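Note on naming: letters A, B, ... go to the chains in the order of the sequence lines (proteins, then strands), and numbering restarts at 1 for each one. Since we're looking at a predicted model, the values are computed, not measured.
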There are 2 protein chains.
Amino acid sequence: MPPRKAASKDPEPLPRSARKDLTRARLLQAALTLMGEGRSFTSLGLREIAREAGVVPNAFYRHFRNTDELGLVLVEEVGITLRRLLREARKMDVAPSDMLRRSVSVYLEYVKLNRLQFLFISSERSGGSRILRLAIRNDVTHFTNEMAQDFRMRGLYAHLPTARLQMVCGMIVMTMLAAATDVLDLPPDQTLLEAEMSENFVQQLKIILFGATRLNDALGSS
Amino acid sequence: MPPRKAASKDPEPLPRSARKDLTRARLLQAALTLMGEGRSFTSLGLREIAREAGVVPNAFYRHFRNTDELGLVLVEEVGITLRRLLREARKMDVAPSDMLRRSVSVYLEYVKLNRLQFLFISSERSGGSRILRLAIRNDVTHFTNEMAQDFRMRGLYAHLPTARLQMVCGMIVMTMLAAATDVLDLPPDQTLLEAEMSENFVQQLKIILFGATRLNDALGSS
DNA sequence: GCTTGCGGTGTACGCTTGTACACAAATTGT
DNA sequence: ACAATTTGTGTACAAGCGTACACCGCAAGC
């Protein structure tokens with residue numbers, strides 16, 4: 001017997017705050033879903049989002065002042081996702097043998113898993129509202145920095161001066177985002193093209209990493 | 001005496017087709033101008049553009065079926081601009097001594113000169129309407145291909161297999177676009193930051209080019 | 001246990017938007 | 001010289017938008 005009043009149909013009384021968070025999540029998800037259908041975030045209307053979320057337009061205001069604010073929360077979530085990605089990357093083996101290829105495939109899998117979020121940042125990173133753009137760029141910068149720090153901790157590319165390491169990570173992230181954009185507007189189940197892109201991605205990273213170390217050596221010895 | 005009727009005030013009879021092209025150009029320019037004010041193209045309305053161009057909304061239809069079609073024309077113009085850039089680059093000296101640095105500064109100057117157009121592609125390359133996005137990507141791909149072809153004609157990086165050269169050019173273009181994006185949302189007259197970015201840009205290209213040749217050598221000799 | 005506060009709803013407003021139709025002027029082809 | 005085409009205008013309408021206000025039911029706090 002359920003201890004709670006034992007009402008015939010009372011699946012979950014759900015404390016009010018939880019209910020609130022739930023519809024809030026629905027609003028966020030609605031925005032992402034709409035973007036997944038090809039719409040750009042900037043062109044989304046408050047009413048549209050509310051409709052997709054299954055609530056009346058006014059309910060929107062109980063959670064966000066306007067669409068931009070919702071966008072900022074989305075960016076925040078993306079930040080969390082990126083941090084999670086780094087955390088997963090960190091506990092990968094340091095086995096040097098095609099660790100690059102492994103990283104790439106893990107990353108691409110991650111992108112497909114969090115499709116909508118990556119679609120969001122790749123769409124709004126350059127082009128939406130100024131505030132959103134800056135917020136996203138901020139997150140990306142943080143990601144880059146943490147990546148550089150991880151490299152340092154692992155003793156990878158230890159001979160590179162910090163500034164250069166930072167730049168290399170910047171290039172890596174740029175390449176990662178470009179790759180994400182590419183896989184995202186690829187129709188699903190195009191395994192062949194996908195494999196090709198993945199291989200390209202690996203080669204690009206190799207070029208960057210190889211170039212960075214060797215160029216540094218060449219300059220240092222001159 | 002002007003042969004044409006000799007009316008008192010008749011500055012230019014201007015054939016009708018010219019007048020048409022003129023307002024058409026005004027519409028295109030209006031769209032770019034609005035984007036220069038921070039608006040994203042996707043969020044521009046037909047009426048908004050017409051208003052900015054100083055014509056009544058209905059006049060829009062005499063030139064474009066809808067805003068997307070106007071966007072496509074803009075993309076076309078961008079394509080011309082890019083081709084012009086390549087043509088200018090082609091007639092630069094082949095003097096190897098810091099030709100990279102010179103190319104970069106020429107390019108950045110070109111970006112600032114065609115500010116609005118680059119802002120447009122950098123905004124809509126990922127994120128606007130699907131049709132526009134594809135059109136832009138198409139142009140960028142063409143640009144990349146022509147660049148690779150130029151490299152070949154000049155005998156630069158002749159030892160790279162075509163596929164690899166193509167990839168390198170892809171990375172260069174990606175870096176160029178990223179750099180353009182960066183200088184574009186930099187407030188004007190930030191000469192210091194701008195110089196720093198420019199130098200970064202040079203270094204990135206060096207890494208790519210150096211890495212590509214050397215990585216290729218290393219693989220070829222193994 | 002009653003009041004209070006909060007999440008959600010319904011109605012309503014003023015505004016902008018895309019588009020349709022009829023029309024004016026004027027350049028063009030014959 | 002005349003008729004036809006073409007560019008730009010004015011008016012109009014239905015639809016969608018963001019937002020304000022009054023309201024309702026119910027969980028929460030005294």
Check: What's the verdict on salt bridge (charged side-chain N to carboxylate O under 4.0 Å, His left out) for E124(B) and R137(B), showing C-alpha distance, side-chain angles and the deciding distance?
Finding: CA-CA 10 Å; E124(B) 306 300 314; R137(B) 275 173 137 63; over 6 Å; no
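The residue among L46(A) and V55(B) whose nearest nucleotide of DNA chain D lies closer to the 5′ end is V55(B).
Scanning atom types as modelled, no donor and acceptor separated by under 3.5 angstrom connect the side chain of R16(A) and the base of dG7(C). Taking 3.5 Å as the limit, the base of dG7(C) and the side chain of R19(A) contain no donor-acceptor pair of atoms between them. Judged by atom type and distance alone, R47(B) reaches the base of dG18(C) through a side-chain donor-acceptor pair under 3.5 Å. Contact annotation: side chain of N66(A) to base of dG18(D), donor-acceptor pair absent below 3.5 Å.
The interatomic distance linking H63(A) (NE2) with dT19(D) (P) rounds to 16 Å, in whole Å. Atom CZ of R51(A) is separated from atom P of dA15(D) by 14 Å (rounded to the nearest Å). Going from atom CZ of R62(A) over to atom P of dC23(D) covers 15 Å, rounded to whole Å. To the nearest angstrom, C1' of dC15(C) lies 14 Å from CD of E48(B). Between D68(A) atom CG and dG18(D) atom C1' the separation is 14 Å, expressed in whole Å. At whole-Å resolution of the value, CZ in F60(A) and P in dT19(D) are 9 Å apart. The distance between atom NZ of K20(A) and atom P of dA28(D), rounded to the nearest whole Å, is 14 Å. Atom CZ in F64(A) sits roughly 12 Å away from atom P in dG7(C) (whole-Å rounding).
Comparing dG8(D), dG10(C), dT19(C) by their nearest atom to the side chain of N58(B) picks out dT19(C). Side-chain proximity of A59(B) to the nucleotides dG8(D), dG10(C), dG16(D) is greatest for dG8(D).
For the atom pair S40(A) OG and R133(B) CZ, the distance stands at 9.5 Å (nearest 0.5 Å). How far CG of D182(A) is from OG of S198(A): 12.0 Å, rounded to the nearest 0.5 Å.
Look at T23(B) and you'll find a side-chain N or O under 4.0 angstrom from OP1 or OP2 of dG8(D).
At a threshold of 4.5 Å between non-hydrogen side-chain atoms, the residues L156(A) and M99(A) count as touching.
Residue contacts for R24(A): at a heavy-atom cut-off of 4.0 Å it reaches no nucleic acid atom on any strand shown.
One finds a salt bridge joining E194(B) and K112(B) here, because a Lys/Arg side-chain nitrogen approaches an Asp/Glu carboxylate oxygen to under 4.0 Å.
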